[in-house]
Amino acid sequence: MSAPTIGVLALQGDVREHLRMLAAAGATGVSVRRPSELAAVDGMIVPGGESTTMHKLAVVFEMFEPLRERIASGMPTFGTCAGMIMLADRIEGGMAGQETFGGIDMTVRRNAFGRQVDSFEADVAFGSLPETLHAVFIRAPWVEKVGNRTEVLATVRGGVGDGRIVAVRQGHLVATSFHPEISGDDRVHRYFVDMVR
Ligand code: GLN
């Protein structure tokens with residue numbers, strides 16, 4: 001599989017930026033809105049947006065169960081921001097009735113960095129990448145707690161949220177609080193494309 005086909009869940013959120021990054025990272029990116037489209041991909045990205053809305057739309061488009069099942073049965077999936085929330089087994093600060101696809105044994109707090117800092121940028125070390133990433137956070141969640149199978153890939157250093165976990169991996173699943181698709185740096189997408197390969 002030299003160029004895997006990777007879907008971007010296109011119900012809501014920043015789909016186009018992810019498609020562009022996937023192409024840069026050597027994958028074929030496609031928008032996914034229907035179960036038949038989901039069936040044709042090797043991996044998925046769940047983008048940023050609004051997790052409450054994404055949950056509702058996934059139910060309406062009859063994507064919620066099919067995607068939950070593919071994630072549970074081992075399809076490589078990458079969630080960014082709201083997408084991280086969607087991959088969490090547990091959330092704090094969710095709306096009544098808000099559900100996630102789940103898969104990563106972690107508790108994620110929505111809008112965690114507080115009102116003063118709706119958006120901010122920070123340089124973070126990511127996994128074993130040799131140089132830090134410039135990470136953009138937009139009303140971002142942080143990871144409150146991880147289970148023992150979950151590997152921490154990045155934490156914030158200094159400022160608001162000092163020491164908070166902002167990227168994790170558990171087997172075939174990876175999630176970031178920040179938005180690597182808008183940084184102009186395709187290293188996180190490359191990391192994911194390599195996982196799918
Ligand atoms: N605050 C949003 C949510 O709770 C996530 C924000 C984002 O994806 N940029 O879903």
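Positions are given from 1 along the sequence. In each ligand, atom 1 is the first atom listed, and ligand 1 is the first ligand listed.
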With the threshold set at 4.0 Å, does a side-chain nitrogen-carboxylate oxygen contact exist between Arg109 and Glu144? yes
Within ligand 1, which atoms have a heavy atom of His179 less than 4.0 Å away? 7 (C), 9 (N)
From the candidates Asp14, Thr53, Ile182, Asn111, the one that places a heavy atom nearest atom 1 (N) of ligand 1: Asn111
Hey, which atoms in ligand 1 end up nearer than 4.0 Å to a heavy atom of Gly48? 8 (O)
With the threshold set at 4.0 Å, does a side-chain nitrogen-carboxylate oxygen contact exist between Arg90 and Asp105? yes
For atom 4 (O) of ligand 1, the protein heavy atom that lies nearest, with its residue and separation: Arg110 NE, 2.7 Å
Select the closest option to atom 5 (C) of ligand 1 among Ser51, Pro141, Gly94, Gly49, judged by heavy-atom distance. Gly49
Heavy-atom nearest neighbour in the protein, as seen from atom 7 (C) of ligand 1, with distance rounded to 0.1 Å: Cys81 SG, 2.8 Å
SB check Arg110 Glu50 (cutoff 4.0 Å): yes
Location of contacts on Thr80 toward ligand 1, heavy atoms closer than 4.0 Å: neither
Applying the side chain to side chain contact (heavy atoms under 4.5 Å, CB included) criterion to Leu87, which one of Thr77, Val168, Val108 satisfies it? Thr77
Provide the number and element of each atom of ligand 1 under 4.0 Å from a heavy atom of Ile85. 3 (C), 4 (O), 10 (O)
Is it true that Arg187 and Glu131 have a side-chain N and a carboxylate O under 4.0 angstrom from each other? no
At less than 4.0 angstrom from any non-hydrogen atom of Arg139, what atoms of ligand 1 do you find? 1 (N), 2 (C), 5 (C), 6 (C)
Going by the angle between their ring planes, with limits at 30° and 60°, are Phe64 and His55 parallel, tilted or perpendicular? perpendicular
If only atom types and distance count, is the side chain of Arg164 paired as donor or acceptor with the main-chain N or O of Ala112 below 3.5 Å? no
